[in-house]
Amino acid sequence: MSFKRILAFSCWLFFACLLVIGCNQANTPNSATTTSPTAQTTTLTISAAASLKDALEAIKPIYNQAKPSVNLTYNFGSSGALQQQIEQGAKVDVFISAANKQIDALDKKGLLVDGTKKDLLKNQLVLIAPQNSTNISDFKDLTSNQIKKVALGEPKSVPAGQYAQQVLTSLKIADKLKGKVVYAKDVRQALNYVESGNVNAGLVYLSDAKTSSKVKVVTTAPENSHSPIVYPIAVIKSSKNIDAAKEFEQFLSSNNEARNVFENQGFVWAGG
């Protein structure tokens, strides 16, 4: 083989190697070309009283805008049932009860993060009837023959039912209504019973009544007829995301947009 041919072949081989190396580098990620990994998403499970459903659903996109890496998952139900779930080991990060009883019970069992229990909201208890009802104007009308059924939350597990029972007892009409009361699994079910016309009246929170165009508020229960209606919040000690849970609690108790949502739906904001 002549020298010229050897030289030509060597040049060709050299450039071929350069081409292969260049292609490999183009397909190999490095510090200059690699896209930074997406921020890890944290999921928080919030167990909350059923009466908070509309407010917390409205707050979710507000919080997602402030904390896009946090995904909120809600579990709504009666406060008593939610308490039992937590005691049985349910994976919950934050608990918002509709009464102190349930959250105090968890605190006594050492299931809350120290220093996170605080009052978040207050509420009112109201007597409601179907929108077209004309035969009820006060609590005393519940004893009339025209009122056949009255919906209350189950007092053993539903704070709204406990408050309602206190009101009826205070007004001295509880015994007269024993055959009329229909118990609901939570306050939203009591509201639904009135909306559907399956009962003539019901006792629910003002915040629940304001979510429905099918019912009207007849009157508000006197404040001295029941215990203060308070919604406490706390972080659950078994949470795997305690710092994120604390941030969410702080947001609910200090953010003005959250406050507006709560107050527009009939709650009294206890944050600040």
Side-chain angles (χ1 to χ4, degrees), residues 49-55 78-80 97-101 119-232 260-270:
S51 52
L52 289 165
K53 185 177 187 302
D54 292 84
S78 70
S79 297
S97 175
N100 280 313
K101 178 182 177 181
D119 290 344
L120 178 65
L121 302 165
K122 297 179 181 179
N123 212 333
Q124 293 178 286
L125 196 73
V126 296
L127 176 63
I128 61 171
Q131 189 63 249
N132 59 357
S133 175
T134 59
N135 55 8
I136 181 170
S137 60
D138 200 276
F139 279 101
K140 66 178 184 296
D141 292 332
L142 296 178
T143 63
S144 74
N145 292 332
Q146 291 179 305
I147 304 300
K148 305 296 183 183
K149 295 179 180 179
V150 181
L152 313 178
E154 168 54 60
K156 293 181 180 179
S157 60
V158 183
Q162 296 166 10
Y163 298 128
Q165 195 66 46
Q166 291 175 2
V167 171
L168 299 179
T169 300
S170 175
L171 298 177
K172 304 185 187 312
I173 59 175
D175 290 340
K176 298 177 183 179
L177 299 183
K178 283 185 177 179
K180 298 183 179 184
V181 172
V182 176
Y183 291 114
K185 67 178 182 178
D186 56 45
V187 69
R188 282 305 172 90
Q189 188 174 68
L191 174 68
N192 290 340
Y193 286 162
V194 181
E195 287 180 320
S196 64
N198 288 328
V199 301
N200 306 109
L203 274 79
V204 301
Y205 297 124
L206 175 61
S207 57
D208 293 290
K210 292 187 73 168
T211 68
S212 176
S213 60
K214 298 179 181 180
V215 304
K216 63 180 179 181
V217 174
V218 175
T219 187
T220 301
E223 286 190 12
N224 61 1
S225 67
H226 59 79
S227 302
I229 301 174
V230 178
Y231 287 69
N260 289 337
V261 170
F262 285 132
E263 293 185 343
N264 287 339
Q265 296 202 15
F267 294 96
V268 176
W269 195 60

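- Counting all heavy atoms, side chain and backbone alike, H226 lies closest to Y163 at CB-O, 3.9 Å.
- A 4.5 Å side-chain heavy-atom check between L191 and V215 finds at least one atom pair inside the cut-off.
- When atom types are taken as modelled, the side chain of K216 and the backbone of S133 share a donor-acceptor pair closer than 3.5 angstrom.
- Under the 4.5 Å side-chain criterion, counting only non-hydrogen atoms from C-beta, Y205 is in contact with P159.
- Within the 3.5 Å criterion, the main-chain N or O of Q189 finds a donor-acceptor partner in the side chain of D186.
- Between A151 and V199, the closest heavy-atom pair is CB-CG2, 3.9 Å.
- Going from atom NZ of K140 over to atom CD1 of I136 covers 10.0 Å, rounded to the nearest 0.5 Å.
- Of all non-hydrogen atoms in D119 and A270, the two that sit nearest each other are O-CB, 3.8 Å.
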Go through V167 and L127 one step at a time and tell me if the side-chain contact (heavy atoms from CB on, under 4.5 Å) criterion holds.
CA-CA 10 Å; V167 171; L127 176 63; over 6 Å; no
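- To the nearest 0.5 Å, atoms CZ (F267) and CG (L121) are separated by 6.0 Å.
- A pairwise comparison of heavy atoms in N192 and E195 identifies OD1-OE1, 3.0 Å as the closest pair.
- Judged purely by atom type and a 3.5 angstrom limit, Q162 uses its side chain to pair as donor or acceptor with the backbone of P155.
- Between S51 and the choices D208, I229, T211, V204, the side chain to side chain contact (heavy atoms under 4.5 Å, CB included) rule is met once, by D208.
- Between the side chain of K148 and the main chain of N145, a donor-acceptor pair closer than 3.5 Å is present.
- Looking only at distances, no side-chain donor or acceptor of S212 sits under 3.5 Å from a matching main-chain atom of A209.
- With rounding to the nearest 0.5 Å, the separation of NZ in K214 from CD1 in I128 is 12.5 Å.
- Side-chain atoms of S170 do not come within 3.5 Å of backbone N or O of Q166 as any donor-acceptor pair.
- Looking at every heavy atom in both residues, Q165 comes nearest to L152 through OE1-CD1, 4.2 Å.
- Looking at S79, its side chain does come within 3.5 Å of a backbone N or O of A98 through a donor-acceptor pair.
- Atoms CG and NZ, from L168 and K176 in turn, are 12.0 Å apart once rounded to the nearest 0.5 Å.
- Here the side chains of L120 and P232 are not in contact, with every heavy-atom distance at 4.5 Å or above.
- Between the side chain of K53 and the main chain of R188, no donor-acceptor pair closer than 3.5 Å is present.
- Between the D141 side chain and the D138 main chain, a donor and an acceptor come within less than 3.5 Å of each other.
- The backbone N or O of K149 lies less than 3.5 Å from a partner atom in the side chain of N200, making a donor-acceptor pair.
- Of all the heavy atoms in L203 and L125, the pair that sits closest is CD2-CD2, 3.9 Å.
- Annotation: Q131, atom CD; neighbour count of heavy atoms from other residues, nucleotides and ligands within 6.0 Å is above 12.
- Rounding to the nearest 0.5 Å places OG1 of T134 at 8.0 Å from CG of N132.
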